[in-house]
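Start at 1 with the first residue, then count along the sequence.
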Amino acid sequence: MRRQDIADAIGTSLKTVNRSIDRLRAEGLLSLDRGKLALTPEQCVKVRAMDESKIKKALLSK
């Protein structure tokens, strides 16, 4: 799935998706593997431990 597809699916802009991905990478919650989004097992544990409100807050802050 391309980033534009993600933006279209959630009703936001490509710019917002890119910023969100950058923030998640900076927080250590997401990685890129050959240009594709990837989660390590450790990152999966961290994401699962967060509730939706914490994720939205992390994406909207900064």
Side-chain angles (χ1 to χ4, degrees):
M1 178 178 268
R2 299 174 308 128
R3 290 181 185 198
Q4 183 62 58
D5 296 330
I6 295 170
D8 292 343
I10 62 173
T12 192
S13 70
L14 177 59
K15 185 175 180 179
T16 298
V17 170
N18 287 333
R19 279 194 315 254
S20 298
I21 289 170
D22 289 342
R23 287 182 185 144
L24 290 169
R25 287 181 67 207
E27 295 287 327
L29 298 173
L30 183 72
S31 300
L32 290 180
D33 182 19
R34 289 176 246 146
K36 299 195 185 259
L37 300 177
L39 289 170
T40 64
E42 295 82 15
Q43 290 168 326
C44 287
V45 170
K46 287 181 185 178
V47 171
R48 285 186 186 126
M50 298 175 74
D51 63 34
E52 188 174 334
S53 64
K54 287 182 184 177
I55 294 170
K56 286 181 182 178
K57 183 178 179 183
L59 293 176
L60 297 175
S61 66
K62 297 182 183 180

Counterpart residues, side chain to side chain donor-acceptor pair (under 3.5 Å), relative to R25 (two or more places apart): none

Any chain of hydrophobic side-chain contacts (each under 4.5 Å) joining M50 to V45? no

On a heavy-atom basis, the closest approach of V47 and L29 is CG2-O, 3.9 Å

Donor-acceptor pairs are to be reported for all side-chain atoms of residues 30-37 against protein atoms at under 3.5 Å, with residues two or more places apart or in another chain.
| unit_1 | atom_1 | unit_2 | atom_2 | d |
| --- | --- | --- | --- | --- |
| S31 | OG | Q43 | OE1 | 3.2 |
| S31 | OG | Q43 | NE2 | 2.8 |

Tell me every residue that passes side chain to side chain contact (heavy atoms under 4.5 Å, CB included) with S13, counting only those two or more places apart in sequence or in another chain. K15, T16

Applying the 4.5 Å side-chain criterion to the ILVMFWY set and letting contacts propagate, would L14 and L24 be lumped into a single cluster? no

D22: partners by side chain to side chain donor-acceptor pair (under 3.5 Å), with sequence neighbours left out: none

Side chain to side chain contact (heavy atoms under 4.5 Å, CB included) involving D8 - partner list, sequence neighbours excluded: Q4

